[in-house]
2 protein chains.
Amino acid sequence: MEHPYVPRDLQLPGYVPVSLSQSTILTVYGLSSLLVVSLVWFLSGRSRSISKLDRLLMCWWAFTGLTHIILEGYFAFSPEFYKDKTGFYLAEVWKEYSKGDSRYAGRDSAIVAVEGMTSVLEGPPCLLAVYAIAKGKGYSYILQFAISLGQLYGTFVYFITAYLEGDNFSASPFYYYAYYVLANSFWLLIPSLIAIRCWKKISSAVQSQSQKKNKIR
Amino acid sequence: MEHPYVPRDLQLPGYVPVSLSQSTILTVYGLSSLLVVSLVWFLSGRSRSISKLDRLLMCWWAFTGLTHIILEGYFAFSPEFYKDKTGFYLAEVWKEYSKGDSRYAGRDSAIVAVEGMTSVLEGPPCLLAVYAIAKGKGYSYILQFAISLGQLYGTFVYFITAYLEGDNFSASPFYYYAYYVLANSFWLLIPSLIAIRCWKKISSAVQSQSQKKNKIR
């Protein structure tokens with residue numbers, strides 16, 4: 001069966017075409033995400049001590065954590081997803097996404113390394129961040145900072161390796177901009193904002209603690 | 001000219017063999033590093049307020065920062081180093097190191113991406129860390145934490161991509177263990193120790209600040 005990916009000479013023996021429509025795939029992801037976000041927003045609202053910004057952050061960490069664990073975790077450990085015949089949703093997601101970046105179907109090692117690290121090393125800590133924010137833990141900022149930096153590093157590796165290899169992995173400009181550029185840009189923008197906020201909070205906490213120590217002396 | 005690297009079918013047209021001896025290459029790197037470390041240790045010792053551990057950390061950041069900027073910076077932006085005929089030291093370093101990992105000579109895109117990010121995004125901040133520790137800046141811990149995490153992420157990508165591609169890039173077991181495993185293991189061990197220390201320092205500073213705020217309320 002011929003595949004729809006670029007470069008055209010990519011070898012994918014046993015490829016089975018995507019069976020769900022694009023709108024079905026996107027709607028399921030969108031609605032599941034909306035469900036998770038609504039649930040976290042609603043539950044976190046029952047505690048008066050959590051600020052609206054922190055509740056928003058909890059929604060983000062729940063959403064991105066489950067995306068890392070479920071979607072990216074499936075990809076990282078399913079080298080033969082493109083042969084799936086059952087219409088299994090997670091395989092369909094990556095068959096569809098590969099139209100924006102065929103390195104997923106082609107099992108590029110940089111992609112697999114980054115996705116594996118994202119799902120295993122960053123996914124569970126995202127869920128821990130939801131808990132840490134809710135409980136006001138002292139490690140909440142440094143944890144959010146660490147995950148955000150990991151997300152940024154991974155996204156950088158993702159874009160830079162594509163650039164170095166000629167940036168020719170999209171089936172069309174639509175898929176290039178919608179899947180490759182737009183979808184990933186959220187994981188540049190949001191982690192940057194969170195990292196900057198955590199950096200400021202942490203610097204000022206450390207600063208004020210060291211000033212306190214100096215006064216005691 | 002035939003190259004000494006593995007896999008044997010790696011194409012390197014225009015390859016010029018390494019002209020300096022292994023001991024010369026290692027001695028120059030070793031002595032330069034010793035000079036930098038001694039200088040930082042001596043100069044930082046003139047301030048009584050800097051602890052011995054902080055002085056040791058300043059030595060590390062100066063050493064690793066200059067390694068990132070000079071050695072890795074040269075590699076990242078010199079795609080044709082293996083054709084160098086002049087015996088230029090930095091080209092010789094990478095011709096020699098490629099015996100431990102031929103992906104350097106072969107210009108593997110994951111390697112180039114990681115080394116480029118390391119030299120540009122982590123190198124200068126390492127030198128900033130030397131300054132931040134010396135001056136007791138409030139951002140000192142979060143800066144050291146951020147760089148250490150970047151170094152760890154890069155080293156993980158480095159090892160995982162090699163593993164995924166069959167781990168067959170060394171000219172012999174000696175080069176495999178001495179260059180690929182041993183040399184890189186320092187950038188797993190030391191950043192891990194620093195990251196753990198910074199995590200603890202930051203968590204406790206944030207914790208004590210939030211307790212102070214609660215008391216004021």
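Every chain is numbered from 1 and lettered A, B, ... according to where its sequence line falls, protein lines coming before strand lines. Since we're looking at a predicted model, the values are computed, not measured.
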Can you tell which part of A:K137 gets under 4.5 Å to a heavy atom of chain B, answering side chain, backbone, both or neither? backbone

The interface call for B:Y141 against chain A, heavy-atom contacts under 4.5 Å, is side chain

When heavy-atom pairs shorter than 4.5 Å are enumerated against chain B, which of A:A146, A:A110, A:S210 gives the highest number? A:A146

Which heavy atom of B:S109 sits nearest a heavy atom of A:L164, and at what distance? O-CD1, 3.5 Å

Please classify the contact of A:L143 with chain B as side chain, backbone, both or neither, using a heavy-atom distance under 4.5 Å. both

Validation row: B:I142, A:S203 side chains within 4.5 angstrom (heavy atoms): yes

Within 6.0 Å of OH in B:Y177, more than 12 heavy atoms from elsewhere: no

Close side-chain approach of B:V157 to A:M117, heavy-atom, < 4.5 Å: yes

Given that the side chain runs from C-beta out, which part of A:Q209 has a heavy atom under 4.5 Å from chain B: side chain, backbone, both or neither? side chain

Just wondering, do B:I202 and A:Y139 contact through their side chains at under 4.5 Å, heavy atoms? no

Is any side-chain heavy atom of A:F145 closer than 4.5 Å to one of B:L149? no

Looking at A:F186, I want to see if its CZ is surrounded by more than 12 non-hydrogen atoms of other residues, nucleotides or ligands under 6.0 Å. no

Side chain, backbone, both or neither: which part of A:T161 has an atom under 4.5 Å from a heavy atom of chain B? both

Please check if the number of heavy atoms outside A:R46 that lie under 6.0 Å from its CZ is greater than 12. no

Decide if atom OH of A:Y163 counts as having more than 12 heavy atoms of other residues, nucleotides or ligands within a radius under 6.0 Å. no

